[in-house]
Trainee: 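I'd like to ask you about the structure that follows.
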Amino acid sequence: MEFPKLPPHDGAVLSVVDMHTGGEPLRIIISGYPDVTGDTVLAKRRYAREHLDHLRKLLMFEPRGHYDMYGALLVQSEIAEADIGVLFMHNEGYSTMCGHAVIALGRFAVDYGLVKAPTSPETQINIHCPCGLVKAFVEYSNGKTGAVRFHSVPAFAFATDVKVTVPGYGEVTLDISYGGALYAFVSAERFGMDISKSRTRDLVDVATAVTSAVKSQVKLHHPVSEDLAFLYGTILTDGKDAFSDEPTANICVFADAQVDRSPTGSGVTARIALQYHKGLIQLHQTRSFKSGTTGAIFTGKAVQETMCGDFKAVVVEVAGHAYYSGVASFTLENDDTLKNGFLLR
């Protein structure tokens with residue numbers, strides 16, 4: 001039996017390639033989106049938020065997506081050395097950096113011909129994220145892509161031993177670090193929980209409470225742009241920050257209580273920067289980071305000292321694997337009362 005290429009629909013068809021990195025989804029939008037205007041990638045992020053947000057909801061929300069869906073929209077970059085520009089999207093809005101997406105986009109860019117001539121053993125892809133230029137290096141051999149590593153924007157410890165009051169838990173001491181986005185870091189043990197054994201829902205509730213406390217009690221800033229001066233989420237750790245050959249586990253809860261299935265690329269970046277700031281890890285010492293949800297592994301290491309404004313910073317290398325999960329074309333019908341999407345909380 002033959003079926004029509006597309007069902008009856010109204011308006012544009014949105015075509016995507018779906019991937020995952022350590023279990024964390026990435027929906028790469030390849031066609032059907034209107035032009036995103038703006039002189040810079042950050043300006044394009046603002047434009048998408050203000051004028052095209054209905055399309056984010058259409059692709060991220062049910063029935064086409066789900067509460068924890070994550071997306072990437074390719075855009076033109078104003079930086080000459082960039083191979084691609086990208087906007088990141090999730091259940092709440094638009095991120096400034098996403099490491100799991102960079103790992104996936106590295107493979108995608110090579111496999112889909114976004115670079116002129118792939119080279120072995122690695123092909124470099126310069127990806128312009130809203131936080132800045134990120135350099136990805138994609139394993140390439142005999143026409144096949146493999147693991148991906150990337151070098152971050154300057155990452156730094158924003159503040160350590162910050163005290164906030166968290167309802168139900170009293171005063172909590174935590175750290176705040178930047179890896180392309182700002183995160184709060186605190187050990188799950190502070191709340192009587194275990195990263196790998198506690199219920200995900202309980203960990204999410206605690207992390208969300210911490211995020212709310214930091215947002216209301218701590219003034220954040222960023223030396224490059226105020227567009228980067230917001231808390232993206234909270235990362236609960238196993239407390240094993242001192243260097244070890246054994247993996248250290250964490251779970252990242254970001255945006256609107258969205259749970260990262262991977263070890264979180266920008267979170268690993270921020271955590272390495274924090275450990276380096278505290279003297280717990282040295283340059284070129286590779287540490288393994290395990291997702292508390294899927295057990296997936298990323299590696300990370302500080303590879304260069306630098307500055308970000310007045311902050312002493314490091315460039316961090318993060319490595320992992322991404323895989324394809326499918327392709328799809330999404331449509332809508334105007335008389336569908338749920339055509340714009342919805343979320344179950």
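Atom set for the values below is all heavy atoms of this structure, side chains included, hydrogens, waters and symmetry mates excluded. Since this is a predicted model, take the numbers as computed values, not measurements.
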Trainee: Rounded at 0.5 Å granularity, tell me how far CZ in Arg45 sits from CD in Glu50.
Mentor: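 Going from the CZ atom of Arg45 to the CD atom of Glu50 covers 10.5 Å.
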Trainee: Judged by modelled atom types alone, do Tyr70 and Gln258 share a side-chain donor-acceptor pair under 3.5 Å?
Mentor: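 Tyr70 vs Gln258: no donor-acceptor pair found between side chains.
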Trainee: By the rule that ILVMFWY residues connect when side-chain heavy atoms come within less than 4.5 angstrom, directly or transitively, which residues belong alongside Leu6?
Mentor: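 Via sub-4.5 Å side-chain contacts, Leu6 links to Val13.
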Trainee: Please tabulate, for side-chain N and O atoms in residues 311-322, each donor-acceptor pair with protein atoms closer than 3.5 Å (sequence neighbours left out).
Mentor:
residue	atom	partner	partner atom	Å
Glu317	OE1	Arg149	NH1	2.9
Glu317	OE1	His151	NE2	2.8

Trainee: For residues 56-64, please give each side-chain donor-acceptor pair under 3.5 Å, one per line with the distance, not counting sequence neighbours.
Mentor:
residue	atom	partner	partner atom	Å
Arg56	NE	Asp53	OD1	2.7
Arg56	NH1	His90	O	2.7
Arg56	NH1	Asn91	O	3.3
Arg56	NH2	Asp53	OD2	3.0
Arg64	NE	Thr331	O	3.2
Arg64	NH1	Lys339	O	3.0
Arg64	NH2	Thr331	O	3.0
Arg64	NH2	Lys339	O	3.4

Trainee: Search all heavy atoms of Pro25 against all heavy atoms of His100 and return the closest pair with its distance.
Mentor: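 Smallest interatomic distance, heavy atoms only, reads O-NE2, 2.9 Å.
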Trainee: How would you list, by chain and number, every residue that makes a side-chain contact (heavy atoms from CB on, under 4.5 Å) with Asp161, sequence neighbours excluded?
Mentor: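 Asp161: side-chain contact (heavy atoms from CB on, under 4.5 Å) contacts with Thr173, Asp175.
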Trainee: Kindly give the cluster partners of Leu338, where membership spreads through any ILVMFWY side chain lying under 4.5 Å from a current member.
Mentor: Phe342, Leu344
Trainee: What pairs meet the ring-ring contact (aromatic ring centres under 6.0 Å, His included) rule with one or both residues in residues 112-135, with sequence neighbours excluded?
Mentor: Phe108-Tyr112
Trainee: Ignoring hydrogens and angles, state whether a donor on the side chain of Thr248 or Asp238 is under 3.5 Å from an acceptor on the partner side chain.
Mentor: yes
Trainee: Strictly by side chain to side chain donor-acceptor pair (under 3.5 Å), give each pair with a member in residues 31-43 just once, sequence neighbours left out.
Mentor: Ser15-Ser31
Trainee: What distance separates Thr269 OG1 from Phe298 CZ, expressed to the nearest 0.5 Å?
Mentor: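 Output value for this atom pair is 9.5 Å.
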Trainee: Report the distance from atom CG of Asp10 to atom CG of Leu332, rounding to the nearest 0.5 Å.
Mentor: 6.5 Å
Trainee: Under 3.5 Å, side-chain donor or acceptor atoms of residues 178-188 against the rest of the protein: list the pairs with distances, not counting sequence neighbours.
Mentor:
residue	atom	partner	partner atom	Å
Tyr178	OH	Gly180	O	3.4
Tyr183	OH	Ser266	OG	2.5
Ser187	OG	Glu189	N	3.2

Trainee: Could you tell me if Thr211 and Thr234 have a donor-acceptor pair between their side chains, going purely by distance under 3.5 Å?
Mentor: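 Their side chains do contain a donor-acceptor pair, which is all the 3.5 Å distance test asks for.
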Trainee: Can a donor-acceptor pair be found between the side chains of Asn126 and Gln124 at a distance below 3.5 Å?
Mentor: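 Side chains of Asn126 and Gln124: pair found under 3.5 Å.
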Trainee: Tell me every residue that passes ring pair (Phe, Tyr, Trp, His ring centres under 6.0 Å) with His51, counting only those two or more places apart in sequence or in another chain.
Mentor: Tyr47
Trainee: Without placing hydrogens or testing angles, list every side-chain donor-acceptor pair under 3.5 Å for residues 279-288, not counting sequence neighbours.
Mentor:
residue	atom	partner	partner atom	Å
Gln285	OE1	Gln282	N	2.8
Arg287	NE	Ser244	O	3.2
Arg287	NH1	Lys240	O	3.3
Arg287	NH1	Asp241	O	3.4
Arg287	NH1	Ala242	O	3.2
Arg287	NH2	Lys240	O	3.0
Arg287	NH2	Ala242	O	3.4

Trainee: Going by the rule ring pair (Phe, Tyr, Trp, His ring centres under 6.0 Å), which residues pair with Phe243 if we only count those two or more places apart in sequence or in a different chain?
Mentor: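 Partners of Phe243 by the ring pair (Phe, Tyr, Trp, His ring centres under 6.0 Å) criterion come out as none, since no residue qualifies.
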Trainee: What distance separates Ile251 CD1 from Lys290 NZ, expressed to the nearest 0.5 Å?
Mentor: 12.5 Å
Trainee: For residues 218-229, dump all side-chain donor-acceptor pairs below 3.5 Å to protein atoms at least two apart in sequence or in another chain.
Mentor:
residue	atom	partner	partner atom	Å
His222	ND1	Val224	N	3.0
Ser225	OG	Asp227	N	3.0
Asp227	OD2	Arg46	NH1	2.3

